[in-house]
Amino acid sequence: MSFPLLTATAVLPAIGAIATAAVPAARRTAAKWLALLVSIATLALAIVVLVRFDPDGARYQLTESHAWIADFGVRYELGVDGIGVALLALTALLIPFIILAGWHDADPLETGSRRWRPTQGFFALILAVEAMVIISFEATDVFLFYIFFEAMLIPMYFLIGGFGDRAHAGTDENAAAQRSYAAVKFLLYNLVGGLIMLAAVIGLYVVAGNFSLQEIAEARANGSLHMATNTERWLFLGFFFAFAVKAPLWPLHTWLPNAMGEATAPVAVLITAVVDKVGTFAMLRFCLQLFPEASKWATPAILVLAVISIIYGALLAVGQRDIKRLVAYASISHFGFIIMGIFAMTSQGQSGATLYMVNHGISTAALMLVAGFLISRRGSRLIADYGGVQKVAPVLAGTFLIGGLATLSLPGLAPFVSEFLVLVGTFARYPVIGIIATFGIVLAALYTLVLYQRTMTGPVKPEVSAMPDLRMRELVVVAPLVVLLIFLGVYPKPVTDIVNPAVKSTMSDVHKKDPKPEVEAAK
């Protein structure tokens with residue numbers, strides 16, 4: 001029996017979460033180091049998975065399968081394709097940086113305060129989320145996936161509601177109520193989506209007789225499993241609704257600005273760069289693979305919603321006065337590009353969407369974490385409270401600029417390649433949709449450059465005149481992300497080589513081929 005590598009990548013952070021929570025209250029620093037070491041060890045395991053994965057091999061690799069609830073056809077089945085392994089690696093990569101960036105976010109508040117932030121709990125919850133997200137990327141049993149798709153909401157609820165942005169701590173009487181509202185809204189939206197998905201999961205079992213993704217997909221491909229048209233469409237909608245809430249897709253997005261605005265910057269990164277990727281990943285793995293005909297049926301409507309997300313998110317980002325909410329609305333716009341690429345039903349669009357998931361995770365982490373360092377120094381999230389920061393903290397301003405330029409998909413930085421592929425893939429089949437979506441790029445340049453101009457340039461405001469530059473711990477967080485943005489911007493081949501075979505398989509699932517370019521014959 002081979003070593004269960006995929007299980008280990010999920011179990012290690014789960015055990016680490018329990019161990020971190022069990023550290024005595026007086027040993028806060030030990031709890032932090034334990035969480036960091038566990039996250040680094042998980043990253044090492046993820047690298048082993050990445051190295052052992054063969055892009056030209058079987059579709060699902062490093063598979064594990066064990067009986068679990070035999071009477072209901074539920075199995076413990078794991079396996080990764082190119083898309084899953086790329087997102088698994090992204091998750092394992094970002095968690096150590098999230099922990100380092102939040103090193104002091106759960107420390108006790110000022111001396112004499114009766115409020116206490118349980119440091120151990122904060123880092124334990126982060127590791128718990130990591131474990132659940134990783135197994136979601138690995139699960140090939142639909143019921144197993146559903147369990148962790150829903151379970152990750154609980155630690156996220158406590159991270160949002162229990163560890164809010166300290167920029168308002170002690171100054172805003174409504175801060176606790178705002179955090180509670182954001183956490184409850186996050187939980188309710190996602191629970192409703194999950195309950196609808198549960199009904200669809202049960203319906204799938206009634207139709208297919210089991211929960212195995214591979215068995216159901218193979219049965220559908222060889223014709224031994226037939227679904228009535230209306231049945232397939234209703235099941236697709238049940239799955240897609242839950243994934244669209246988590247993604248988040250307009251008009252199911254409204255929980256995200258509240259959650260990101262009230263959470264600490266590292267938790268905001270955990271939400272949008274890690275947890276939300278489960279939604280778009282599941283669209284590729286489950287919606288397209290299990291319900292190919294319904295996916296094609298719903299494509300026009302989904303593309304319209306995706307374009308609305310792109311333009312709507314960007315427009316609201318332009319008008320934001322709060323730095324973190326601006327990044328949240330920018331993310332809504334970016335997720336619109338990802339979903340548009342998935343349902344463009346072209347290899348360029350789906351490759352670009354998968355690459356976009358990876359690149360968006362890195363670029364959003366870089367921008368939001370630097371924004372968090374900035375906010376912690378000034379104690380305010382309002383853009384108007386800043387000015388001239390580049391003159392007193394040039395390294396902070398420089399890294400903030402790189403993160404912002406990556407957000408607007410500047411050529412030479414990682415998101416450009418993925419956004420270009422998404423637009424090319426969409427235009428090849430839906431030119432009008434592709435043309436409208438390009439306006440999102442113009443708006444991204446507007447909100448990013450205006451944000452930088454108002455916070456970093458101009459006269460130095462008295463409140464920021466003594467602002468320190470990035471410290472060593474903060475540089476350790478930001479520098480690798482900046483390097484990755486540049487590296488993947490000029491050489492994305494390592495990621496595309498992994499995801500392209502999986503995209504080819506997905507295109508085969510929905511029986512789609514890339515449209516031939518219409519080129520006039522040379523005279």
Side-chain angles (χ1 to χ4, degrees), residues 243-261 268-269 271-277 279-280 283 302-344 349 352-368 371 383 403-411 413-427 430 433-452 485:
F243 303 152
V245 172
K246 186 154 287 187
L249 178 68
W250 183 93
L252 307 172
H253 67 285
T254 59
W255 62 267
L256 182 65
N258 296 101
M260 289 185 65
V269 172
I271 294 169
T272 190
V274 176
V275 172
D276 287 354
K277 297 299 187 301
T280 47
M283 292 178 189
I302 293 172
L303 288 176
V304 170
L305 294 178
V307 169
I308 293 174
S309 287
I310 292 169
I311 304 301
Y312 171 87
L315 283 173
L316 264 66
V318 171
Q320 286 304 305
R321 297 180 297 172
D322 183 309
I323 296 174
K324 292 169 70 177
R325 290 179 71 90
L326 185 151
V327 178
Y329 281 110
S331 290
I332 291 169
S333 182
H334 296 151
F335 274 103
F337 277 107
I338 294 170
I339 295 170
M340 184 178 74
I342 292 171
F343 284 91
T354 305
L355 186 60
Y356 212 142
M357 290 186 227
V358 175
N359 292 338
H360 173 264
I362 299 170
S363 62
T364 299
L367 179 61
M368 180 58 86
I383 297 172
L405 293 176
T407 297
L408 63 83
S409 298
L410 182 76
L413 296 176
F416 169 76
V417 181
S418 44
E419 195 165 281
F420 178 78
L421 285 173
V422 166
L423 288 171
V424 168
T426 304
F427 187 83
Y430 302 98
I433 294 292
I435 290 170
I436 297 173
T438 57
F439 286 98
I441 301 175
V442 178
L443 293 171
L446 180 61
Y447 63 68
T448 300
L449 295 178
V450 168
L451 171 64
Y452 183 82
L485 286 174

Is the backbone N or O of Ile311 less than 3.5 Å from a side-chain atom of Trp250, with the two atoms forming a donor-acceptor pair by type?
no
Nearest heavy-atom pair of Gly425 and Ala344: which atoms, and what distance?
O-CB, 4.0 Å
Shortest non-hydrogen contact from Ala414 toward Asn359:
O-ND2, 2.9 Å
Would you sort out whether Met340 and Leu423 count as a side chain to side chain contact (heavy atoms under 4.5 Å, CB included), showing the intermediate values?
CA-CA 9 Å; Met340 184 178 74; Leu423 288 171; 4.0 Å; yes
How about Ile338 and Val422: do any of their side-chain heavy atoms sit closer than 4.5 Å?
no
Just so I know, are the side chains of Ile271 and Asp276 near enough to count as touching, which here means a heavy-atom distance under 4.5 Å?
yes
Determine, stepwise, if the pair Leu408 / Leu449 fulfils side chain to side chain contact (heavy atoms under 4.5 Å, CB included).
CA-CA 9 Å; Leu408 63 83; Leu449 295 178; 4.3 Å; yes
Atom CG of Leu305 and atom CG of Leu252: how far apart are they, to the nearest 0.5 Å?
8.5 Å
In Å, rounded to the nearest 0.5 Å, how long is the span from OG of Ser333 to CG of Leu315?
9.0 Å
Taking the side chain as every heavy atom from C-beta outward, state whether Thr448 and Leu367 have any atom pair closer than 4.5 Å.
no
Short question: side chain of Thr272, backbone of Ala268 - any donor-acceptor pair under 3.5 Å?
no
Does a sphere of radius 6.0 Å around CZ in Phe427 hold more than 12 heavy atoms from other residues, nucleotides or ligands, not counting ones at 6.0 Å or beyond?
no
Can a donor-acceptor pair be found, under 3.5 Å and without considering hydrogens, that links the side chain of Thr280 to the backbone of Lys277?
yes
Reported CG-to-CZ distance for the pair Leu256 and Arg325, which is rounded to 0.5 angstrom:
9.5 Å
For the residue pair Leu249 and Phe335, establish whether any side-chain heavy-atom pair is separated by less than 4.5 Å.
no
Please tell me if the side chains of Ile332 and Leu316 come closer than 4.5 Å, counting only heavy atoms from C-beta onward.
no
Can you tell me how far apart CD1 (Ile433) and CZ (Phe343) are? Round to the nearest 0.5 Å.
13.5 Å
His334 side chain to Tyr356 backbone, donor-acceptor under 3.5 Å
no
Looking only at atom types and distance, does a side-chain atom of Ser363 sit under 3.5 Å from a main-chain N or O of His360, one as donor and one as acceptor?
yes
d(Ile323 CD1, Met368 CE) to nearest 0.5 Å is 9.5 Å
How long is the gap from CD on Glu419 to CZ on Phe337, to the nearest 0.5 Å?
4.0 Å
Phe420 atom CZ, neighbour heavy-atom count above 12 within 6.0 Å:
no
Heavy-atom side-chain contact between Leu446 and Val442 under 4.5 Å:
no
Any non-hydrogen side-chain atom of His253 less than 4.5 Å from a side-chain atom of Val245?
no
